[in-house]
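Encoded as structure tokens, the structure appears first; notes follow it.
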Amino acid sequence: MALNIFKFFLKEPPAPEVHVLFYNTLGRAKEHFVPLKAGRVSMYHCGPTVYGYTHIGHARAYVFADLIKRLFLYQGLTVNQIINITDVGHLTDDEDQGQDKIEEGARRENKTAKEIVELYTNDFMENLSKLNVDTDGTIFPKASEHILEQIAFIKTLEEKGYTYPTSDGIYFDTSRFPDYGKLGNIDLKGLEEGKRVAINAEKKHPTDFALWKFSKPEEKRQQEWESPWGKGFPGWHIECSAMSTKYLGHRFDIHTGGVDHIPVHHNNEIAQSNCALGVKSVNYWMHSEHLRIDGKKISKSLGNVILLKHVEERNISPLAYRYWLLTSHYRTPINFTWEALEAAHRGFYRLQKAFVEDLGVKKGSINATYRKTFSDALADDIDTPKAIATLWNLLKDTGVSKPDKKATLLDFDKVLGLGLSTAQEFLEGNKKEIANSDIPPEVENLLTERERARLAKDFKKADELRDKIKAAGFEISDTPDGAKLQKV
Ligand code: AMP
Ligand code: ZN
């Protein structure tokens with residue numbers, strides 16, 4: 001009897017249920033998420049190639065990864081999360097040709113590869129911290145520190161007959177994997193006919209890719225290792241298969257990356273992992289869309305690379321940038337403009353101000369109805385725009401007491417990560433009047449719409465919107481820093 005009671009108390013509590021729908025790139029549909037192990041989620045996110053500063057586009061990919069993690073923690077699950085650091089093997093053209101980005105960065109900046117990696121990894125980590133990305137328990141493995149694991153992985157593929165040598169490396173034979181290209185429905189026939197130009201004539205198929213590259217005899221690399229096939233370095237894709245297997249096992253739940261990873265990198269990862277491990281290694285593939293700046297791709301050559309530090313230089317908090325990201329769904333391509341960010345900043349400021357100044361200090365309880373609307377929105381493929389709208393509806397709702405609003409907002413912030421628990425310090429640090437912080441959201445929306453119309457060169461619509469804004473009591477002045485609003 002006593003023993004039974006003891007056993008009863010020792011019994012593990014049942015795993016929390018998960019109610020989440022995710023858009024799975026593999027099935028091209030929203031699917032119910034079922035973890036491999038009840039109560040536990042394992043996730044791998046393709047990390048940055050650390051040869052340059054983290055820009056606000058990268059930030060989108062990792063705020064997205066953070067939202068998935070926070071959502072699961074909010075639902076009471078345990079999360080194992082890996083974000084790798086690519087510090088070797090990523091070549092400039094993604095197609096096994098060109099220069100290694102790290103070696104090239106080292107040459108460009110007259111530094112060692114090690115110094116480059118350290119500089120930009122630290123910068124990446126600093127960005128995550130400023131964006132309030134929860135790195136608690138997250139592992140950040142580096143490719144260069146897992147060479148043996150990658151060699152062992154390639155060895156397994158070789159033993160199973162999936163590889164062949166060429167004069168410049170060991171390649172994966174994609175024709176041996178019938179499911180190749182399923183992710184994103186790649187047009188293999190089109191590629192065979194020459195769309196993905198095979199620069200390397202020794203490749204048997206245009207989609208074949210390097211697992212191991214040989215160091216060129218005429219070139220001294222800073223990063224190279226001995227291997228069963230000769231001195232060289234791993235291809236870009238193998239690190240993700242080797243490290244996800246090491247840290248998460250043969251099978252894990254979720255793999256994410258930006259949409260640019262779908263056609264090549266992730267199809268290659270699937271081929272390597274499924275063939276070497278003999279299982280379907282990943283159940284859910286999720287991809288975040290890109291951020292463009294003034295309608296253009298972010299690139300050094302266009303001179304439009306914006307970093308978080310540029311955001312801070314305009315007295316805009318990185319968390320306001322996070323807030324702006326959350327106002328769009330992760331699968332929607334977004335266009336960054338300073339006007340849009342400034343509008344979001346004002347909204348963010350209003351939120352912090354309302355939280356500190358309007359809601360009092362009394363302890364309240366979480367409003368169950370709002371909590372349900374909020375968590376249902378996030379559980380529907382992470383619908384952050386709807387979650388943010390719910391937050392504002394709650395603030396406006398006179399039927400909910402101030403203490404309960406406060407408690408509910410703090411609860412929401414476990415997922416949103418907008419730093420509400422430190423709102424007081426934020427306001428103190430931003431005592432300087434934030435320009436036009438009393439602009440009503442409707443007017444801000446009109447301004448955003450006008451901005452969109454102007455970008456689309458629909459000047460008639462833009463003028464109509466200007467008139468509407470004027471009727472609401474605000475004047476627009478177009479400055480080199482973007483459109484500003486002033487009370488008439
Ligand atoms: P990379 O350092 O280029 O390997 O990129 C790291 C991650 O950032 C990948 O998941 C990319 O898809 C993502 N990424 C890079 N540029 C952008 C962008 N402009 N917008 C959104 N995500 C991006
Ligand atoms: Zn990867």
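Just so you know, ligand 1 is whichever comes first in the structure, and atom 1 is the first atom listed for that ligand.
Protein heavy atom at the shortest distance from atom 4 (O) of ligand 1 is T49 OG1, 3.2 Å. Looking from atom 10 (O) of ligand 1 to the surrounding protein, the closest heavy atom is G258 N, 3.0 Å. Nearest non-hydrogen protein atom to atom 13 (C) of ligand 1 is A61 CB, 3.9 Å. The protein non-hydrogen atom at the shortest distance from atom 3 (O) of ligand 1 is H58 NE2, 4.2 Å. Of the protein's non-hydrogen atoms, the one nearest atom 7 (C) of ligand 1 is Y62 OH, 3.2 Å. The protein heavy-atom contact nearest to atom 20 (N) of ligand 1 is L291 N, 2.9 Å. Nearest protein heavy-atom neighbour of atom 23 (C) of ligand 1: G57 O, 3.5 Å. Among all protein heavy atoms, the one lying closest to atom 9 (C) of ligand 1 is H261 CE1, 3.5 Å.
In this structure, the separation between CG on L128 and NE2 on H58 is 11.5 Å, given to the nearest 0.5 Å.
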How far apart are the C-alpha atoms of D381 and R331, what are their side-chain angles, what is the distance that settles it, and do they pass the salt bridge (charged side-chain N to carboxylate O under 4.0 Å, His left out) test?
-> CA-CA 9 Å; D381 199 26; R331 284 195 290 118; 2.9 Å; yes
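Listed by atom number, the atoms of ligand 1 under 4.0 Å from E289 heavy atoms are 21 (C). Close approach to P48 involves these atoms of ligand 1, each under 4.0 Å from a residue heavy atom: 2 (O), 6 (C).
The side-chain heavy atoms of L119 and E109, taken from C-beta on, include a pair separated by under 4.5 Å. For the pair I82/M243, no side-chain contact is recorded, criterion being any heavy-atom separation below 4.5 Å from C-beta on.
A salt bridge between E312 and K130 is present, with a side-chain N of the basic residue lying under 4.0 Å from a carboxylate O of the acidic one. Ionic pairing of K101 and E104 is not present here: no N-O contact between side-chain nitrogen and carboxylate oxygen is shorter than 4.0 angstrom. No salt bridge links K386 with D376; every basic N to acidic carboxylate O contact stays at or beyond 4.0 Å.
The Zn ion (ligand 2) has an N, O or S atom of C240 closer than 2.8 Å. Among the backbone and side-chain atoms of H265, an N, O or S atom lies under 2.8 Å from the Zn ion (ligand 2). Coordination check, H261 versus the Zn ion (ligand 2): failed, since every N/O/S atom of the residue sits at 2.8 Å or beyond.
Every N/O-N/O distance between C46 and ligand 1 stays at or above 3.5 Å. Here's the thing with V259: none of its N/O atoms is less than 3.5 angstrom from an N/O atom of ligand 1. Ligand 1 has a nitrogen or oxygen under 3.5 angstrom from a nitrogen or oxygen of D260.
Checking side-chain atoms of D66 against main-chain N and O of Y62 turns up no donor-acceptor pair under 3.5 Å. Checking side-chain atoms of K246 against main-chain N and O of E149 turns up no donor-acceptor pair under 3.5 Å.
Contact between N283 and N24 at its shortest, heavy atoms only, is O-ND2, 2.9 Å.
Within the 4.0 Å heavy-atom shell around ligand 1 one does not find R292. No heavy atom of H287 sits closer than 4.0 Å to any atom of ligand 1.
Counting heavy atoms closer than 4.0 Å to ligand 1, residue H45 contributes nothing at all.
Between H146 and the choices W225, F153, F140, Y247, the ring pair (Phe, Tyr, Trp, His ring centres under 6.0 Å) rule is met once, by Y247.
Ring geometry for H265 against H237 counts as tilted: the plane angle lies between 30° and 60°, on a 0 to 90° scale.
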